[in-house]
Q: 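Can you keep this structure in mind? I'll have questions shortly.
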There are 2 protein chains.
Amino acid sequence: MDNNLDHFFAAMADPTRRAVIARLTQGAAPVSDLAAPHDMALPSFLKHLKKLETAGLVRTIKTGRVRMVALEPAKLAEAEHWLSRQRRIWEDRLERLDALALTLEADDGTTERRPDP
Amino acid sequence: MDNNLDHFFAAMADPTRRAVIARLTQGAAPVSDLAAPHDMALPSFLKHLKKLETAGLVRTIKTGRVRMVALEPAKLAEAEHWLSRQRRIWEDRLERLDALALTLEADDGTTERRPDP
DNA sequence: CAGATTGTTATCCATGTGGCTAAGTAACAC
DNA sequence: GTGTTACTTAGCCACATGGATAACAATCTG
């Protein structure tokens with residue numbers, strides 16, 4: 001799940017790739033349809049697709065000469081939960097700091113760093 | 001908010017940087033404390049910090065010769081919401097497709113592509 | 001079969017990224 | 001004020017990334 005996140009975030013760090021994701025929320029589409037709005041050569045675009053696939057964000061099936069591409073929503077959910085978890089830990093901590101500040105009221109000012117080591 | 005996401009996701013696409021984020025959920029810390037567990041030279045580590053700061057994930061204040069680093073939880077929330085939105089659009093669509101499939105029951109099989117252009 | 005469509009593979013190139021060392025600056029601590 | 005601490009800046013290097021073109025392969029269509 002670690003190298004996993006590497007690929008996921010790297011995949012999302014490009015506007016072309018995010019646009020593809022957004023497009024795919026409208027439904028599955030063949031490669032050339034997906035490529036059309038992006039002013040670049042097909043091979044370049046294929047590299048982007050490949051990264052989305054490697055990251056597990058997208059699933060593809062080739063039938064005849066057409067390759068259909070569809071979203072893999074489970075991956076979006078996974079990353080969303082990772083972020084949510086980090087944020088919750090942080091926010092819980094802020095709350096505890098607030099509580100501490102209230103109980104101690106007048107302290108020496110070192111409250112910001114390592115309240116409970 | 002676009003170039004914004006570029007920086008955010010790029011920042012998260014590195015295990016060192018994600019480790020720093022995770023560490024910071026335990027509370028703010030000075031640069032060298034953050035750097036200690038990562039087997040690399042300080043200047044290398046500073047580049048990572050810089051990216052986190054550019055992405056708006058982290059806020060730093062220098063007092064004396066020490067620079068304290070703290071998390072900016074709003075940014076985590078922002079990205080989380082972006083992901084959540086994409087996923088919801090997709091899941092709503094899946095539901096609509098299911099409904100469509102149920103009402104039409106015996107169709108010609110083209111239901112997957114462009115149900116409502 | 002001939003030709004057009006739709007990908008795919010192989011290179012190539014410029015730029016960005018992640019690591020390093022060396023040398024500099026600005027507080028502290030004594 | 002000397003020395004140590006805690007960054008900071010500058011410059012170097014290997015490799016990844018995002019783009020391109022050219023040429024190939026595998027379906028359809030007529």
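Labels below follow one simple rule: chain letters A, B, ... track the order of the sequence lines, proteins then strands, and each chain is numbered from 1.
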Q: Looking only at the side chain of B:Leu46 (C-beta and beyond, no hydrogens), which of the listed nucleotides C:dT8, D:dT8, D:dA20 gets closest?
A: D:dT8
Q: With the side chain of B:Val66 defined as its heavy atoms from C-beta on, choose the nearest nucleotide among D:dG18, C:dG19, D:dA6.
A: D:dA6
Q: Where the side chain of B:Lys62 is concerned, which of C:dT9, C:dG18, D:dT8 is the nearest nucleotide?
A: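 Closest nucleotide to the B:Lys62 side chain: D:dT8.
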Q: Between A:Arg17 and A:Met12 (side chain of the first, backbone of the second, donor and acceptor by atom type, cut-off under 3.5 Å), is there such a pair?
A: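 It does not hold such a pair.
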Q: Want to settle it: does A:Ala41 or A:Thr63 sit nearer the 5' end of DNA chain D, counting the closest nucleotide to each?
A: A:Ala41
Q: For the pair made of CD1 in B:Ile61 and C1' in C:dA27, what is the distance, rounded to whole Å?
A: 18 Å
Q: To the nearest Å, give me how far apart CZ (A:Arg67) and P (D:dA26) are.
A: 14 Å
Q: Which nucleotide, D:dG18, D:dG19, C:dG7, lies nearest any side-chain atom of A:Lys51?
A: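 Among the listed nucleotides, the one closest to the side chain of A:Lys51 is D:dG18.
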Q: Could you tell me the separation between the CE atom of B:Met68 and the C1' atom of D:dC7, rounded to a whole number of Å?
A: 15 Å
Q: Please report, rounded to the nearest Å, how far the P atom of D:dT9 is from the CG atom of B:Leu49.
A: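 In whole Å, D:dT9 P lies 13 Å from B:Leu49 CG.
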Q: Give a yes/no answer on whether the side chain of B:His48 brings an N or O atom under 4.0 Å of OP1 or OP2 in C:dG19.
A: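 So the side-chain polar atoms of B:His48 do come within 4.0 Å of the phosphate oxygens OP1 or OP2 of C:dG19, strictly under.
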Q: What is the distance, rounded to the nearest whole Å, between atom NZ of A:Lys47 and atom P of C:dA10?
A: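 The answer, rounded to whole Å, is 13 Å.
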Q: Which atoms form the tightest heavy-atom contact between A:Lys51 and A:Ala11, and what is the distance?
A: O-CB, 4.2 Å
Q: For A:Arg17 and for B:Val31, find the nucleotide of DNA chain D with the closest heavy atom, then tell me which residue's nucleotide is more 5'.
A: B:Val31
Q: Tell me whether the side-chain N/O atoms of B:His38 come closer than 4.0 Å to OP1 or OP2 in C:dG19.
A: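 Result: no.
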Q: If every non-hydrogen atom of B:Phe45 is compared with every non-hydrogen atom of B:Ala35, which pair is closest and at what distance?
A: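 Heavy atoms of B:Phe45 and B:Ala35 come nearest at CD2-CB, 3.5 Å.
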Q: Let me know the distance between NZ of B:Lys50 and C1' of D:dT9, rounded to the nearest Å.
A: 10 Å
Q: Nearest to the side chain of A:Pro43 - C:dT8, C:dG7, C:dG19?
A: C:dT8
Q: Picking from D:dT17, C:dC20, C:dT8, which would you name as closest to the side chain of B:Ser44?
A: C:dC20
Q: Hey, are the side chains of B:Val69 and B:Asp33 touching, using non-hydrogen atoms and a 4.5 Å cut-off?
A: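 Of all side-chain heavy-atom pairs linking B:Asp33 with B:Val69, none is under 4.5 Å.
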Q: State, to 0.1 Å, how close B:Leu24 and B:Ala29 come at their nearest heavy-atom pair, and which atoms those are.
A: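 Scanning both residues, the minimum pair turns out to be CD2-N, 4.1 Å.
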Q: Figure out the CG/P separation between B:Asp14 and D:dT17, and round it to whole Å.
A: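 Going from CG in B:Asp14 over to P in D:dT17 covers 12 Å.
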Q: Taking atom C1' of D:dA10 as reference, at what distance in whole Å does atom CG of B:Leu42 sit?
A: 15 Å
Q: Looking at C:dA29, C:dC20, D:dC7, which one has an atom nearest to any side-chain atom of B:Arg65?
A: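 When the side chain of B:Arg65 is considered, C:dA29 is the closest of C:dA29, C:dC20, D:dC7.
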